[in-house]
Visitor: 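To start, I am sharing the structure in question, which I have written as structure tokens.
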Amino acid sequence: MAVRGFSFRGPNSSSGMGVAEDCRPTFLELQGKRAHRFIIFKIDEKKREIVVEKTGEPTEDYEHFIAALPENDCRYAIFDFDFMSADNVPKSKIFFIAWSPSTARVRPRMLYATSKETFKRVLDGFHYEIQATDPAEMDLEVLRERAH
């Protein structure tokens, strides 16, 4: 299966990591059907591909999302952020978050950094991107500021 010239299973040129076939359909479930509040993706080095690690139920909140991220390892994540606009209208924005904590080992940080652009193109459809090396860089207030 391919999306805009990218092979889901085949490795990308910079990191050698492919993308598991369920990554994009899971993202589309969040985007179109709002079936998930968040999705966490990880690089499976044995399979040499990016896989869905966890999805959050639509009723889960940002605290559940943050708790699902590993403290000392990298992940990609999608979060569906609901908020009220200035004119009191309910809105939603989808964030791509590249979580690469400064406490993570060097190898995972390099793998995630070199695979990010290709993976973002496979997902295609989020509104904002956040690169975070510390929890403060992806605090709920940061999302609110970006969304407004």
Side-chain angles (χ1 to χ4, degrees), residues 1-83 92-148:
M1 179 178 212
V3 170
R4 295 186 184 174
F6 296 101
S7 167
F8 278 95
R9 291 260 178 216
N12 80 50
S13 60
S14 58
S15 70
M17 292 297 156
V19 178
E21 289 185 22
D22 66 335
C23 289
R24 183 152 171 81
T26 304
F27 172 72
L28 293 175
E29 289 171 359
L30 177 145
Q31 183 185 43
K33 299 177 186 173
R34 303 201 71 191
H36 314 290
R37 172 64 56 198
F38 62 84
I39 309 166
I40 296 176
F41 303 93
K42 75 174 195 173
I43 291 178
D44 184 326
E45 287 195 63
K46 289 180 182 169
K47 293 182 180 177
R48 303 206 44 81
E49 66 183 4
I50 299 166
V51 300
V52 173
E53 179 179 47
K54 179 175 178 40
T55 58
E57 294 296 321
T59 56
E60 293 186 272
D61 62 14
Y62 197 69
E63 296 307 316
H64 290 101
F65 167 66
I66 293 297
L69 290 171
E71 187 177 334
N72 297 312
D73 203 0
C74 305
R75 293 294 186 271
Y76 300 123
I78 294 288
F79 185 79
D80 187 4
F81 178 61
D82 292 330
F83 64 99
S92 175
K93 296 291 181 187
I94 298 172
F95 283 80
F96 175 90
I97 299 170
W99 172 239
S100 184
S102 55
T103 55
R105 292 173 308 147
V106 173
R107 179 172 170 74
R109 292 176 70 187
M110 293 301 296
L111 284 174
Y112 278 81
T114 57
S115 301
K116 184 174 79 167
E117 291 305 315
T118 298
F119 187 55
K120 284 174 23 183
R121 285 191 293 269
V122 168
L123 295 183
D124 187 41
F126 56 87
H127 300 106
Y128 300 104
E129 177 184 348
I130 293 176
Q131 173 71 46
T133 59
D134 180 87
E137 295 174 342
M138 59 180 186
D139 187 73
L140 191 55
E141 283 305 311
V142 172
L143 272 67
R144 276 195 189 99
E145 289 172 17
R146 289 271 185 95
H148 285 269

Visitor: Quick check for you: to the nearest 0.5 Å, what is the distance between Met17 atom CE and Leu111 atom CG?
Guide: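 CG of Leu111 is found 4.5 Å from CE of Met17.
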Visitor: Atom CD1 in Ile43, atom CD in Glu53: separation rounded to 0.5 Å?
Guide: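 If we round to the nearest 0.5 Å, Ile43:CD1 and Glu53:CD are 11.5 Å apart.
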Visitor: State, with a plain yes or no, whether a side-chain heavy atom of Phe79 is found less than 4.5 Å away from one of Lys93.
Guide: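 No. Closest side-chain heavy atoms not under 4.5 Å.
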Visitor: Per the ring pair (Phe, Tyr, Trp, His ring centres under 6.0 Å) rule, which among Trp99, Phe38, Phe96 passes with Tyr76?
Guide: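 Running ring pair (Phe, Tyr, Trp, His ring centres under 6.0 Å) over Trp99, Phe38, Phe96 with Tyr76 returns exactly one hit, Phe96.
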Visitor: Less than 4.5 Å apart, side chain to side chain, heavy atoms only: is that true for Phe27 and Asp124?
Guide: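 Side-chain contact under 4.5 Å: no.
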Visitor: Give, for atom CG of Asp44 and atom CD1 of Ile50, the distance between the pair rounded to the nearest 0.5 Å.
Guide: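 Reported to 0.5 Å precision, the distance equals 11.0 Å.
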Visitor: What about the rings of His148 and Phe83, do their centers lie closer together than 6.0 Å?
Guide: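 Ring centres of Phe83 and His148 closer than 6.0 Å.
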Visitor: With heavy-atom distances below 4.5 Å as the criterion, would you say the side chains of Leu143 and Ile130 are in contact?
Guide: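 The answer is yes, as the side chains (C-beta and beyond) meet within the 4.5 Å cut-off.
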Visitor: Between CG of Asp139 and CD of Glu145, what distance do you get to the nearest 0.5 Å?
Guide: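 Result: 9.0 Å between the selected atoms.
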Visitor: Please report the interatomic distance CG(Leu123) to CG(Leu28), rounded to the nearest 0.5 Å.
Guide: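 Here the rounded value is 8.5 Å.
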Visitor: Taking all non-hydrogen atoms of both residues, which atom of Ile39 and which atom of Thr26 are closest, and how far apart?
Guide: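 Looking at all heavy atoms of both residues, the shortest contact is CD1-O, 3.5 Å.
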Visitor: Against Cys74, only a single residue in Lys116, Arg109, Arg105 fulfils side-chain contact (heavy atoms from CB on, under 4.5 Å); can you say which?
Guide: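 Of the listed options, the one satisfying the test is Arg109.
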Visitor: Any chance you could lay out the salt bridge (charged side-chain N to carboxylate O under 4.0 Å, His left out) test for Asp82 and Arg37, step after step, and finish with the verdict?
Guide: CA-CA 9 Å; Asp82 292 330; Arg37 172 64 56 198; 2.8 Å; yes
Visitor: Run through His36, Gln31, Arg34 and flag the one making a side-chain hydrogen bond (donor to acceptor under 3.5 Å, both in side chains) with Asp80.
Guide: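 So the option named by the test is Arg34.
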Visitor: Closer than 3.5 angstrom, by distance alone: can the side chain of Asp61 be matched with the main-chain N or O of His64 as a donor-acceptor pair?
Guide: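 Side chain of Asp61 to backbone of His64: a pair is present.
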Visitor: Determine whether Pro101 and Glu71 make a side-chain contact, defined as any pair of heavy atoms from C-beta on separated by less than 4.5 Å.
Guide: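 The answer is no; the side chains never approach within 4.5 Å.
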Visitor: Between CE of Met138 and CG of Asp134, what distance do you get to the nearest 0.5 Å?
Guide: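 With rounding to 0.5 Å, CE (Met138) is 8.5 Å from CG (Asp134).
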Visitor: Between the side chain of Tyr112 and the main-chain N/O of Ser100, is any donor-acceptor distance below 3.5 Å?
Guide: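 Side chain of Tyr112 to backbone of Ser100: no pair is present.
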Visitor: Mind checking whether Phe41 and Phe119 have parallel, tilted or perpendicular rings, split at 30° and 60°?
Guide: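 Perpendicular.
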Visitor: Strictly below 4.0 Å, N to O, side chains only: are Arg75 and Asp73 in salt-bridge contact?
Guide: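 Asp73 and Arg75: salt-bridged.
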Visitor: Are Glu60 and Phe65 packed together at the side-chain level, in the sense that at least one heavy-atom pair is separated by less than 4.5 angstrom?
Guide: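 No, every pair of side-chain atoms sits at 4.5 Å or beyond.
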Visitor: Using every non-hydrogen atom in the two residues, find where Lys120 and Glu117 come nearest and quote the distance to one decimal.
Guide: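 Heavy-atom minimum between the residues: NZ-OE2, 3.1 Å.
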